[in-house]
Participant: 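Below is a structure I'd like to ask you about.
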Amino acid sequence: MTKYIIRRIIQAIPLLVLITILIFGLLKLSGDPFAAQMIDPNVSEEDMAYRRRAAGLDDPLPLQFIHWYLGDDWYQRDLRPNNDPCLADSTVVCAWGEFDGEVDTPGTRKGILRGDFGISLRFQRPVVEVIQDRLPNTLILASTALTTTILLGVAIGMLAALRPYSLFDNIVTTLSFVTFSMPIFLIALLAVFVFSVKFKEWGLPYLPTQGMYDPRGDRSLDELLIRLILPTFSLAAIQIAAYSRFIRASMLEAINSDYIRTARAKGLTNRRIVLVHAFKNASFPLITLVALDIPAYLGGAVVTETIFSWPGMGKLFIDSLTNLDPPILLAFTLLVAVSVVFFQLLADIVYAWVDPRVRYT
Amino acid sequence: MTTKVASLRQPENEVEVHSIWQIAFRRYRKHRMAVLGTFILFAIILFVTVGTLFYSEAAGNKTRLRGREAPPGSIIQDRDLGDIRMIMGTDAAGRDVLIRMIYGGQISIAIGVTSMIISITLGTLIGLLSGYFGGVVDRFLSSVTEVMLSIPALILLLVLSSAFREDTTTVEIFGRTISRTVIYVVLLIGATSWMRLSRIVRSQVLSLKEQEFVQAARAIGVRDLAIVFRHLLPNIIAPVVVAATLGIGTAIITEAYLSFLGFGVQPPTATWGNILNGALNQVESRWWLWVFPGFFITSTVLAINFIGDGLRDALDPRSIE
């Protein structure tokens with residue numbers, strides 16, 4: 001088992017390297033971060049040129065990639081006039097511009113391998129800090145949505161499998177087909193329309209739709225819980241449909257297998273057979289399903305967080321795209337991709353561990 | 001001896017011979033949801049095609065200062081046409097939502113179909129090649145697939161599409177002037193949605209290529225590419241057809257996501273997705289701006305999913321008797 005785990009981890013390393021290359025290439029394609037700031041009349045052209053050079057954007061592309069990886073504190077750029085007094089005396093403020101072809105200033109970045117993801121252009125703070133602020137908010141939403149999905153998905157799927165082709169099963173089938181065909185934002189808009197707008201109209205208690213806390217409130221748990229309802233519903237609706245379909249199918253498959261026939265022959269009750277014996281085997285594939293979903297939730301609540309102004313990672317991503325903030329985009333995309341690889345690995349390991357039929361070779 | 005052969009050639013009671021496709025069609029007809037889906041899809045296609053006979057695209061792009069955000073069924077004054085009834089209301093620029101639904105629907109469906117063609121071609125080709133040739137080819141193509149699968153498609157698409165958001169040029173296709181962003185969206189969706197199919201195709205090819213008909217073909221010296229395209233491809237056509245059908249629906253939804261977030265097709269070209277773009281701030285007061293496009297997206301994708309489901313059952317070789 002240990003050998004299997006170690007080999008899987010080693011196999012994941014080249015994949016991660018390829019992913020970083022792809023992400024870096026993508027971000028380079030998606031535009032010049034300084035172009036947007038060029039419009040600012042207060043920043044002179046020389047200043048922009050200086051900033052570009054200082055940020056390493058004039059370096060050759062492969063070198064930029066290496067700097068992103070390993071940092072550039074070992075690499076010198078030509079940022080100052082040759083005999084600038086500031087080089088000798090640290091109390092003198094350095095002059096900008098006037099490049100003379102001689103390298104003089106080392107970079108300050110440490111590179112992602114040493115945990116430095118750069119400075120966000122928009123927040124003027126280290127990317128790691130910005131993400132640290134946002135990640136917990138996303139985790140709150142994601143864990144609520146995932147728990148809801150698993151609980152409801154499994155319950156509905158089991159009920160449907162207990163009586164296949166019954167009225168309940170048919171209703172669930174139809175409903176899940178419809179939800180599958182809906183974009184998340186439509187479900188969110190419908191939910192807002194009914195539970196917020198219409199409830200208000202009808203004089204019922206209605207749900208808030210924006211943000212995590214009431215701006216004038218006391219940031220209590222109640223406030224958070226009530227604001228979690230709509231985003232959770234929107235996130236979970238499609239997944240509940242998927243999970244219940246999945247559980248139903250694998251339950252029906254398990255119910256038709258030999259060991260269930262044995263259990264029946266032993267005279268166990270149908271209830272016990274389905275809930276204990278069949279479910280045990282039918283639930284293994286859930287591991288893979290959940291492992292695929294966690295990374296999607298980590299970064300993928302993009303649409304939901306935007307709609308409900310949830311201050312999490314998804315909203316950060318969209319805002320950074322609109323304002324073109326490459327350090328954040330790089331870190332975000334990398335985080336999501338790494339967690340996809342990580343949870344996939346974890347799922348395979350857990351799967352091999354819980355299911356004796358799987359042999360790890 | 002000879003009589004026996006003769007009797008084999010001409011059986012006394014005529015047995016009806018059906019091709020796989022005939023059997024599949026029969027089974028498809030029995031799939032109630034699939035038939036319903038076919039009808040719904042047909043109706044929607046009629047709506048977006050026949051609708052153009054009544055309204056011109058220019059009429060859909062016509063903005064009006066007075067009569068903005070008129071609710072469905074209301075009558076507004078048009079400078080040239082006098083009083084006209086807006087069946088689906090008007091949007092924030094006073095444009096007729098009904099006409100935008102017709103022309104936007106054309107673009108949405110066209111995006112769905114064309115990006116599906118790209119993604120199916122890529123997926124099938126990559127799956128076939130990496131499954132059949134194995135070795136270095138397989139290792140390279142499989143790792144490309146895996147890398148692409150490691151970044152959620154929506155995030156990949158959003159990053160890529162931010163590059164062309166500023167492009168305001170238009171191109172002329174089939175007599176319609178459309179935003180160039182449509183082409184980018186098609187290419188991007190096609191290029192980011194082939195991975196699942198390529199894995200399915202690859203695994204099928206891996207088991208198919210060990211079978212006798214492939215060995216026989218190889219033994220008589222059929223070239224590799226001929227084996228791949230003439231012998232393997234027809235055998236994996238069932239999952240490809242199903243993936244193609246469902247792929248149209250997925251692409252339509254993906255376009256809607258992109259355009260809803262403002263990263264998809266840019267104005268002046270309407271799609272069902274970008275009509276929804278402004279809807280977020282108008283959930284309560286301007287319900288027609290999201291209910292109609294939402295309805296069309298959902299029913300189109302639903303119909304396509306029903307059809308795909310029906311095709312999956314109809315083409316399943318295990319159940320062809």
Side-chain angles (χ1 to χ4, degrees), chain A residues 14-23 26-31 35 173-174 177-193 196-198 200-201 209 295-296 298-300 302-303 306-307 314 317-318 320-322 324 329-330 332-334 336-341 344, chain B residues 33 37 139 142-144 146-166 246 249-250 252-263 272-273 276-277 279-280 282-285 287 289-291 293-295 297-306 309:
Chain A
L15 177 63
L16 287 174
V17 174
L18 284 176
I19 289 171
T20 50
I21 295 176
L22 175 72
I23 292 176
L26 282 183
L27 263 294
K28 277 291 152 198
L29 275 179
S30 72
T173 308
T174 317
F177 251 107
V178 175
T179 21
F180 268 145
S181 313
M182 280 173 129
I184 281 194
F185 58 80
L186 193 62
I187 294 176
L189 290 175
L190 272 173
V192 169
F193 188 65
S196 186
V197 177
K198 283 294 160 192
K200 197 174 179 179
E201 239 170 65
T209 58
L298 274 186
V302 171
V303 178
T306 309
I307 291 178
F317 172 67
I318 290 291
S320 308
L321 261 187
T322 330
L324 204 60
L329 294 175
L330 278 169
F332 173 87
T333 321
L334 192 62
V336 174
V338 168
S339 63
V340 170
V341 175
Q344 194 55 57
Chain B
M33 291 324 236
R139 238 173 297 149
S142 291
S143 44
V144 173
E146 208 170 350
V147 170
M148 293 284 286
L149 275 172
S150 300
I151 305 174
L154 186 62
I155 291 174
L156 204 60
L157 277 171
L158 284 169
V159 171
L160 284 168
S161 59
S162 64
F164 64 73
R165 261 179 100 198
E166 322 279 299
L246 298 176
T250 320
I252 290 177
I253 287 216
T254 312
E255 184 278 322
Y257 276 126
L258 283 180
S259 299
F260 174 76
L261 292 167
F263 290 85
W272 288 338
L276 273 154
N277 175 244
L280 186 52
Q282 304 171 312
V283 180
E284 55 253 65
S285 48
W287 56 269
L289 290 183
W290 60 272
V291 167
F295 169 78
I297 292 172
T298 309
S299 37
T300 309
V301 178
L302 187 63
I304 289 170
N305 285 348
F306 280 150
D309 211 41

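Here is how names work: the chains are called A, B, and so on, in the same order as the sequence lines, proteins then strands, and each is numbered from 1.
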Participant: Is it the side chain or the backbone of A:T322 that comes within 4.5 Å of chain B heavy atoms, both, or neither?
Facilitator: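 A:T322 touches chain B through backbone and side-chain heavy atoms alike.
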
Participant: Is there side-chain contact between A:F332 and B:I155, with at least one heavy-atom pair below 4.5 Å?
Facilitator: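 Yes - at least one pair of side-chain heavy atoms lies under 4.5 Å apart.
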
Participant: So which part of B:I253 gets closer than 4.5 Å to some heavy atom of chain A, the side chain, the backbone, both or neither?
Facilitator: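 Only the side chain of B:I253 comes within 4.5 Å of chain A.
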
Participant: Using atom types as modelled and distance alone, determine if a side-chain donor or acceptor of B:T298 lies under 3.5 Å from a backbone N or O of B:F295.
Facilitator: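 Here the side-chain-to-backbone pair does not exist.
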
Participant: Is it the backbone or the side chain of B:L302 that comes under 4.5 Å from a heavy atom of chain A, or both, or neither?
Facilitator: both

Participant: So, for A:F193 and B:W290, is the gap between ring centers shorter than 6.0 Å?
Facilitator: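 Under 6.0 Å, so yes.
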
Participant: Is it the case that the side chains of B:S150 and B:E146 hold a donor-acceptor pair, with the cut-off being a distance below 3.5 Å and no angle test?
Facilitator: no

Participant: Can you check whether A:L321 reaches B:L261 side chain to side chain, under 4.5 Å on heavy atoms?
Facilitator: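 In short, these two side chains do not touch, never coming nearer than 4.5 Å.
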
Participant: Quick check on A:L190 against chain B: is it the side chain, the backbone, both or neither that has a heavy atom closer than 4.5 Å?
Facilitator: both

Participant: Tell me, side chain or backbone of B:L149 under 4.5 Å from chain A's heavy atoms, or both, or neither?
Facilitator: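 Answer is backbone: N, CA, C or O of B:L149 sit under 4.5 Å from chain A.
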
Participant: If you tally heavy-atom pairs under 4.5 Å against chain B, which of A:T174, A:L189, A:I21, A:I23 wins?
Facilitator: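 Top option by heavy-atom pairs under 4.5 Å: A:L189.
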
Participant: Does any backbone or side-chain atom of B:Y257 lie under 4.5 Å from a heavy atom of chain A? Answer side chain, backbone, both or neither.
Facilitator: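 When you check distances to chain A, atoms from both the backbone and side chain of B:Y257 fall under 4.5 Å.
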
Participant: Pick whichever of A:V192, A:T306, A:I307 has the most heavy-atom pairs under 4.5 Å with chain B.
Facilitator: A:I307

Participant: Which bit of A:L22 comes within less than 4.5 Å of chain B, counting heavy atoms only: side chain, backbone, both or neither?
Facilitator: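 A:L22 touches chain B through side-chain heavy atoms alone.
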
Participant: Please classify the contact between A:V341 and chain B as side chain, backbone, both or neither, with a heavy-atom cut-off of under 4.5 Å.
Facilitator: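 Interface part for A:V341: side chain.
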
Participant: Using a 3.5 Å distance criterion without hydrogens, assess whether the side chain of A:T20 forms a donor-acceptor pair with backbone atoms of A:V17.
Facilitator: yes

Participant: If I compare all heavy atoms of B:N305 with all of A:S181, which pair ends up nearest, and what's the gap?
Facilitator: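 In terms of heavy atoms, the two residues are closest at ND2-OG, 3.1 Å.
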
